[in-house]
Each structure stands twice: as structure tokens, then as C-alpha cells.
Number of protein chains: 2
Amino acid sequence: MADKSSKPDVPQPGKPVRGSKTGQPIMVLFDLIGRRWSMGILWNLSDGNRTFRDLQERCGSASPSVLNTRLKELRAAGLIYNAENGYALTEDGRELFVRLEPLGDWAMDWVEKLR
Amino acid sequence: MADKSSKPDVPQPGKPVRGSKTGQPIMVLFDLIGRRWSMGILWNLSDGNRTFRDLQERCGSASPSVLNTRLKELRAAGLIYNAENGYALTEDGRELFVRLEPLGDWAMDWVEKLR
DNA sequence: TACTTTGCTACGTTTTTCGTAGCAAGCAAA
DNA sequence: TTTGCTTGCTACGAAAAACGTAGCAAAGTA
């Protein structure tokens, strides 16, 4: 594994790999969680551990390869870890989730309004 | 393969174009804002109107084409609008930002910890 | 032992994003 | 009026990311 000849794949957390050059913390965070499935993964881990397959189902159309990439990224960033019975949020991950949670209720109203 | 002469480009809000099949509101929202630059744009509009160029600078490496796409998406979703002096948050956009704001302080601590 | 589930990797194909290069419109001197 | 600047965007080829599917080793189950 870790074939360096073809894929860079997993970005290092803390360094703005790609994205905002400013280096502002919020932008570093956005660069990490502002990707497909990242927030969905965190959201789905919030109420208990989930296996890879669980997450695949809950994240609808995420292919196993991207899902795997996202999981590695989030793990490298210290937001999730590999528990015995699947993936789980770390303390940091839970803290982040707490800040994400209010989006849930708001999204309901917003989607409602759009229809 | 549909029409080749024009780009689909702008997804319709409210319909999970690509992404989560579940249709859960939060996933619809994540599908919109969980893309490169989306949250950064909202963040940068929070403290006043910004021109296209302003946003380009603040969003570091966003190319004008993606930036334009993101702006169209957010506008279609009713989160931003085209004011006389640049782009601005709508009422909904401001409401969303309020829920995003706590991430800023947390990100500072988090990035600090990572170093 | 054989079968199933799980967690992933490989890999070829689409989609997205990037990185320029324009270009029309507005403005502001000259 | 012409010239030159800035702004908001579009075009387009190239690179990177995401997709979809196949497949495989390990662990669990019958």
C-alpha cells in the first residue's frame, strides 16, 4: 500500500495542501470538511459507531475509494478513529460535531422553504 | 450524454442532484456547501459585500470558473444575491452563517493543537 | 470446509477543478 | 474621442478528484 508513484491521496492536516493560501484556521478547516462526504461522515458517526459498510449506505453514492480517502483524512486530522466496532468520533470530532449540529434543524426549515 | 454545447453547471437547489440519495435535509445542505469554496464564500461575505475579485483574492486559489459556478449555486439556493456593490448574503445566507460562525473559534484551537 | 460479510485496494471512466487566456462593459483620465 | 485601467465573467485544455465496479484477504458463520 501507500504507492507513492501514483497517488498523493491523503493530505496532511494542518498544512493547507490545496486551497486557501491564507492559512486562516477556518479555511484550513473548510479545506478539510468542505469536501464530498466529509461532513456527512461526521454527521453519521455522531450517534454511534459505524462500520465502513454502514457509512457507505448512509452516504448514498459515495464510492468505497473516496469513502476510504475521506476516512483516512479525518483520521489523520484526529477527528475520528478506528474503534473495534467500526469508526467513531474522537473528542475533537465530537466537539466539531456539536458546532455542526445546529445546521440540522436549520436545514430542515430551509429545504422546506425551497419546495 | 446530454447537450454538449451548454454546461449543466448549476445544480437546482432542493433536489439532490448528485450526492446522498437519502434526501435528508442536512445531506441536501451538505451537498451544497460541502464543496470547494462554498463555505469560504459564505464566510467571506459575512462581514460585508464583496466583489468577484475580492472573493477571488480571499479564496486563494479558486479559479474564476469555479468561483463563478459556486456563486451561481449559492445564488440559486437563495443564500446570496447580487447586490449593486458585489455579492451579499441574503437573509437565509445570514441565518446559515450564524450557524457556521462557531466553527471559526473552534478551528483556531484545533489548528493550534495540530501544530 | 465452504460460504458470507467486511474492509478495503485497483483501475479505467466520468466529473470537477485548475490555470490561464481572453473579452465585453464601465469608468476615468488625456 | 481615444486610450488605458478595472471588473465580471466565459472558454478551454490539462490535471486532479470522484465514480463504479471488480476483486481480494481476513474474519466470522454454518
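A note on names: the letters A, B, ... follow the listed sequences, proteins ahead of strands, and every chain is numbered from 1.
Atoms CD (A/E84) and C1' (D/dA27) sit 14 Å apart, rounded to a whole Å. Here D/dT6 presents its P atom at 12 Å from CD of B/E57, a figure rounded to the nearest Å. To the nearest angstrom, P of C/dT15 lies 16 Å from CZ of B/R70. Counting to the nearest Å, the P atom of C/dT16 and the CZ atom of A/R36 are 6 Å from each other. Nucleotide D/dA27 holds its P atom 17 Å from the CG atom of A/N85, rounded to whole Å. Atom CD of A/Q56 is separated from atom P of C/dC8 by 10 Å (rounded to the nearest Å). The separation between A/N82 atom CG and D/dA26 atom C1' is 15 Å, rounded to whole Å. Atom C1' of nucleotide C/dT17 and atom CZ of A/F30 are separated by 19 Å, given to the nearest angstrom.
Partners of A/E101 under the side-chain hydrogen bond (donor to acceptor under 3.5 Å, both in side chains) rule, at least two apart in sequence or in another chain, do not exist in this structure.
Closest approach of A/G78 to A/D92, counting heavy atoms only: O-CB, 3.7 Å.
For the side-chain contact (heavy atoms from CB on, under 4.5 Å) test with B/L74, the passing option among B/L42, B/L96, B/L45 is B/L42; the others fail.
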Where do B/V111 and A/L29 land on the side-chain contact (heavy atoms from CB on, under 4.5 Å) test, with the steps shown first?
-> CA-CA 8 Å; B/V111 166; A/L29 179 63; over 6 Å; no
Stepwise side-chain contact (heavy atoms from CB on, under 4.5 Å) check, A/W37 with A/L55 | CA-CA 10 Å; A/W37 313 120; A/L55 288 170; over 6 Å; no
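Within the structure, every pair that satisfies the ring pair (Phe, Tyr, Trp, His ring centres under 6.0 Å) test and touches residues 70-97 of chain A, not counting sequence neighbours, is listed here: A/W43-A/F97.
Distances were taken from every side-chain heavy atom of B/S65 (C-beta onward) to each of D/dC19, C/dC18, C/dC8; the shortest belongs to C/dC18.
For the segment residues 43-54 of chain B, the set of residues with a heavy atom within less than 4.0 Å of an atom of DNA chain D comprises B/T51, B/F52, B/R53, in numerical order.
Regarding contacts with the backbone of C/dC8, a side-chain N or O of A/Y87 is found under 4.0 angstrom from either OP1 or OP2. A close approach under 4.0 Å does not occur between any side-chain nitrogen or oxygen of A/R35 and OP1 or OP2 of C/dT16. Put simply, B/W37 has no side-chain N or O that comes within less than 4.0 Å of OP1 or OP2 on C/dT16.
Heavy-atom distances to DNA chain C give each of A/L71 and B/L67 a nearest nucleotide, and the one nearer the 5′ end belongs to A/L71.
A/L114 and B/V28 fall within the same hydrophobic cluster, defined by Ile, Leu, Val, Met, Phe, Trp and Tyr side-chain heavy atoms under 4.5 Å apart, directly or through other members.
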